[in-house]
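Each residue takes its place number in the sequence, starting with 1.
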Amino acid sequence: MKKYKTACSLDCWDTCSIEVTISDNNDIQIKGDQQHSITRGFLCEKGMYHLDRLNSPHRITSPMKKVQGEWIQIGWDQAFSEIAQQLREIINSYGASSLLLYGEAGHCGLKKNIDAAFFNSLGEVTMPTGSLCWGAGIAAQKEDFGKALSHPPQDLLNAKTIVIWGRNPVNTNIHLVPFINDAKKNGSNIVVIDPIKTATATLATHYYQIKPEADGHLALAMAKIIIDGNYHQKEFISTYCDGYSSFNEHLTQLNLDELIIQTGLSKEEVIELTKLYLTSPSAIILGYGLQRYPSGGRNIRLIDSLAAITGNIGVSGGGVSYANQFINQWIDWKYIRNNQHNHQPTFIRSKFHQYILKERRNEIKGMFITKGNPLLQLPNTNKTIEAFNHIPFKVTIDLFMTDTAAASDYVLPCTHIFEEEDFLCSSMWHSHFFFTERVLPPRENVKSEFDIFVELAKRLNLYEFLEHYGDETTYLERGLYSLLSNTGLTLQGLQGKNLSLIGNEIPWESKLFSTPSKKFQFISLKNVQLTNAIDERNDFSFQLLSLHPKHSLHSQHLHSVEEGIYPTVFCNPHTLEQIGITSGEVVELESQQGKIKSIIQASEEVGENLLLIYEGWWLKNQGVNFLTPDGVSDIGNQAIYNHCFCKINKLKE
Ligand SMILES: Nc1nc2c(c(=O)[nH]1)N[C@H]1C(S)=C(S)[C@@H](COP(=O)(O)OP(=O)(O)OC[C@H]3O[C@@H](n4cnc5c(=O)[nH]c(N)nc54)[C@H](O)[C@@H]3O)O[C@H]1N2
Ligand SMILES: Nc1nc2c(c(=O)[nH]1)N[C@H]1C(S)=C(S)[C@@H](COP(=O)(O)OP(=O)(O)OC[C@H]3O[C@@H](n4cnc5c(=O)[nH]c(N)nc54)[C@H](O)[C@@H]3O)O[C@H]1N2
Ligand code: SF4
Ligand SMILES: [Mo]
């Protein structure tokens, strides 16, 4: 019997530690690492599914080429020489900027950044910027604190009040739930603020059904109540914060009742919530759903300011935990991604189609897609497909024939996390990291991404790249040089161990912030527009939230849904009654971007005039991004999926 330690490579808050056992007759079993203080011996369904994905009959096991619309299997040698030839021709005829690399985070291993290192070695290729995921909040916390850091999960037990603001850990961050339950047993208040009465809300002691996009109004109302009641921490503010007097001056001009009306909550509820938050230390746990809006950055900044006026920063049991970028200081990203260009062309992810079809029409000649399924996951699917079809040469690297892979010209099959070593760190929540063990050799005829790019580099005679990036152990050792030299560990010494970073116990404990002034920076309210989203609705009177599915990591576990089955759209029963539609009916949802069919289901959990669909459904099932808009947030170039307005069309019987 042999035991291995690896980790979950999925783009999830938890980054679980996984124990794999291979018995003498080659039976493989996996379970969550019992010793790991966050995994606590438990993997979610998606984690357990790693074995099925590893052994799936649907895995691609040969390079594929599309010939006259049909896929044929080809050998690696043919794939490498034809792709290298195409890359060479494109660069020679149109320059490196006519190549585009679209990488996402479908696998969170550090080694997977070799795609960027390779492309950057070709010259000033086109790269994405902005985010589908967390961009507005990251930009907001950068303005306020200098960067986004989170309290360790265990520190929640020191909080008297925990406010879970727009995160749904029961679906997306399951290992946070035991910490919340333990805190609740200790007598802490557990508050959930969410337009949907989620499964997480049912764990809470207090739930507030806010209107979407109104978090900034709520934070301002709470700040007003706190300051008017003289509950603010004057010493903390005057010693460690910048911009307070202007913030306060503008705040006094705002009308409390008008702010509260926008939130959809009653005045009593807002006063109760403020009192709970003042029962400190209070921890705010932010999610990413509430920043996928045009005002996403501003709203996160206004929530941050609540923590500052109450002095809930740099103290145990406090903080505004949004993301955890602590690991970044230990990683040499410039080397890892081979960032060397000053004038590299970039496009904003959610504006992919405008870039391809308008801004640089006919200029992008080749595209590589790695670790992502943009055809489905980008907003505005109709336009994304049009833009995709406009690019003459496309290569996707994936384990499966996704919708994106199927729309490409070549597909190259890559290894699964169990088939290689990699360095994994969760930048989203906790600060544990892993150097995973290889459990099995790669499946026959499948290659690691590292090997794929090194081989392509050989075919293209990229000698400099091969000198600096040709060997995977050197790649990790160089990229992690500061981590290794500071801990005195070798890369091999990290393997199979359960380690977390020191120095991240209580973020900002020194009260020395990473902003230019070294102080917490209050948002300037001078130019803040407090307009109401309702004004933009016209005929499209329902706001559609598209949230992350519990049983799938985006599109990755939804491949087997049969063709012709439509996603369920959840709607408040009173709203359904008003529009004369019965639960179970198939309806058409229409937005300014497109239409999909959907099965409507009554749900008391959904606020009035709201619709909820889980994202990740494949093209054959009419995924929700056919409807979503392709704009960006105020800061951070974040996609604004939830700022989506629809009408419901009854279908003829
Ligand atoms: N099972 C599963 N787990 C996942 C993922 C997955 O696809 N499936 N994806 C992973 C990834 S990439 C990410 S980014 C994270 C995301 O993790 P979360 O942030 O937890 O997930 P979301 O579904 O984006 O949104 C969370 C909540 O925000 C609420 N929300 C939406 N709009 C508003 C608003 O205006 N105000 C307030 N207060 N709340 C609002 C939604 O109703 C929802 O309950 O999850 C990760 N974990
Ligand atoms: N409507 C709506 N849309 C959304 C969101 C939303 O809330 N609403 N959320 C957005 C968010 S937060 C995110 S993060 C994005 C996610 O967008 P994506 O990352 O594009 O989504 P996934 O479906 O997880 O696709 C990841 C792909 O990577 C592949 N993969 C796994 N391991 C490897 C590997 O080692 N190498 C390679 N080359 N491929 C691998 C998987 O098989 C899968 O096909 O979606 C966004 N889209
Ligand atoms: S998907 Fe998340 S919770 Fe599930 S096993 Fe992977 S890291 Fe853990
Ligand atoms: Mo994400």
Side-chain angles (χ1 to χ4, degrees), residues 1-12 14-64 73 75-76 106-112 174-175 371 397-402 411-424 432-452 472-473 476 490-499 550-553 556-561:
M1 191 175 77
K2 280 196 180 147
K3 284 196 170 202
Y4 300 88
K5 275 208 180 168
T6 178
C8 182
S9 53
L10 296 176
D11 183 12
C12 166
D14 300 28
T15 316
C16 290
S17 177
I18 301 181
E19 271 179 17
V20 184
T21 313
I22 305 189
S23 70
D24 296 336
N25 55 358
N26 280 340
D27 260 3
I28 310 183
Q29 297 220 317
I30 64 169
K31 62 179 172 107
D33 184 347
Q34 214 88 41
Q35 265 86 54
H36 193 267
S37 60
I38 295 167
T39 306
R40 297 192 192 179
F42 160 73
L43 298 180
C44 80
E45 194 185 341
K46 306 177 296 309
M48 293 304 293
Y49 202 72
H50 271 301
L51 269 187
D52 296 70
R53 273 175 87 76
L54 178 80
N55 298 318
S56 168
H58 301 297
R59 245 183 101 174
I60 310 168
T61 49
S62 163
M64 309 283 283
Q73 295 191 353
W76 279 101
H107 182 302
C108 296
L110 194 62
K111 250 169 52 187
K112 297 284 165 173
I174 192 70
H175 292 84
K371 304 161 283 176
I397 303 180
D398 206 304
L399 291 85
F400 296 94
M401 189 58 84
T402 61
V411 181
L412 303 178
C414 66
T415 40
H416 179 270
I417 176 75
F418 289 3
E419 296 168 336
E420 58 176 318
E421 297 175 343
D422 209 335
F423 183 83
L424 290 190
H432 289 250
F433 57 86
F434 309 88
F435 182 40
T436 63
E437 288 179 291
R438 191 174 91 163
V439 177
L440 291 165
R443 196 153 159 174
E444 204 186 333
N445 213 22
V446 154
K447 289 190 188 298
S448 79
E449 231 138 339
F450 205 95
D451 289 348
I452 292 174
E472 58 181 68
T473 308
L476 286 182
T490 59
L491 193 57
Q492 288 311 318
L494 295 179
Q495 200 161 48
K497 295 227 173 66
N498 167 15
L499 297 165
K550 183 173 170 66
H551 304 294
S552 178
L553 209 292
Q556 296 189 43
H557 304 90
L558 289 166
H559 57 283
S560 56
V561 184

So [Y] and [X], do their side chains get closer than 4.5 Å, heavy atoms only?
{"X": "I60", "Y": "M64", "answer": "yes"}
{"X": "K371", "Y": "D11", "answer": "no"}
{"X": "H58", "Y": "S560", "answer": "no"}
{"X": "I28", "Y": "L440", "answer": "yes"}
{"X": "T39", "Y": "C8", "answer": "no"}
{"X": "R40", "Y": "H175", "answer": "no"}
{"X": "S56", "Y": "F400", "answer": "yes"}
{"X": "F418", "Y": "T436", "answer": "no"}

Can F434 and T6 be said to form a side chain to side chain contact (heavy atoms under 4.5 Å, CB included), step by step?
CA-CA 7 Å; F434 309 88; T6 178; over 6 Å; no

Exam field: side chain W76 to backbone N445, donor-acceptor pair closer than 3.5 Å
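Yes; at least one donor-acceptor contact below 3.5 Å.
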
Main-chain N/O of L51 paired with N55 side-chain donor or acceptor, under 3.5 Å:
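A pair under 3.5 Å: yes.
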
Run the side chain to side chain contact (heavy atoms under 4.5 Å, CB included) test on V20 and K2 for me, step by step, so that the C-alpha distance in whole Å, both residues' side-chain angles and the decisive distance to 0.1 Å come before the verdict.
CA-CA 8 Å; V20 184; K2 280 196 180 147; over 6 Å; no

For residues [X] and [Y], report the shortest heavy-atom separation together with the two atoms involved.
{"X": "L553", "Y": "K46", "result": "N-CD, 3.4 Å"}
{"X": "L424", "Y": "H107", "result": "CD2-CE1, 4.4 Å"}
{"X": "L43", "Y": "C16", "result": "CD2-CB, 3.7 Å"}
{"X": "F423", "Y": "F435", "result": "N-CD1, 4.2 Å"}
{"X": "S62", "Y": "Q73", "result": "OG-CB, 3.5 Å"}
{"X": "C414", "Y": "L399", "result": "O-CG, 3.5 Å"}

Measuring from atom [atom1] of [X] to atom [atom2] of [Y], what distance do you get when rounded to the nearest 0.5 angstrom?
{"X": "T415", "Y": "D451", "atom1": "OG1", "atom2": "CG", "result": "8.0 Å"}
{"X": "Q29", "Y": "S23", "atom1": "CD", "atom2": "OG", "result": "7.5 Å"}
{"X": "E437", "Y": "K3", "atom1": "CD", "atom2": "NZ", "result": "12.0 Å"}
{"X": "I397", "Y": "E449", "atom1": "CD1", "atom2": "CD", "result": "4.5 Å"}
{"X": "C44", "Y": "I174", "atom1": "SG", "atom2": "CD1", "result": "8.0 Å"}

How far apart are the C-alpha atoms of H432 and S37, what are their side-chain angles, what is the distance that settles it, and do they pass the side chain to side chain contact (heavy atoms under 4.5 Å, CB included) test?
CA-CA 10 Å; H432 289 250; S37 60; 3.6 Å; yes

Under the criterion side chain to side chain contact (heavy atoms under 4.5 Å, CB included), I'd like the reasoning laid out for I22 against Y4: C-alpha separation, chi angles, the key distance, then a yes or no.
CA-CA 8 Å; I22 305 189; Y4 300 88; 3.9 Å; yes

Would you say the ring centers of H551 and H557 fall short of 6.0 Å from each other?
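No: the rings miss the under 6.0 Å criterion.
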
Which residues pass the salt bridge (charged side-chain N to carboxylate O under 4.0 Å, His left out) test with R438, sequence neighbours left out?
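None.
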
Would you call the rings of H559 and Y49 parallel, tilted or perpendicular, taking 30° and 60° as the class edges?
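Tilted: the ring planes of H559 and Y49 meet at 30° to 60°.
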
Any pair with a residue in residues 411-424 that passes salt bridge (Lys or Arg N to Asp or Glu O under 4.0 Å), sequence neighbours left out, goes on the list, sorted by first then second residue, please.
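For residues 411-424, and leaving out neighbouring residues, the salt bridge (Lys or Arg N to Asp or Glu O under 4.0 Å) pairs sorted by first residue read R59-E419, K111-E420, K112-E420.
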
Which pairs count as salt bridge (Lys or Arg N to Asp or Glu O under 4.0 Å) when at least one residue sits in residues 17-38, sequence neighbours excluded?
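Every pair satisfying salt bridge (Lys or Arg N to Asp or Glu O under 4.0 Å) with a residue in residues 17-38: K5-D33, E19-K31.
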
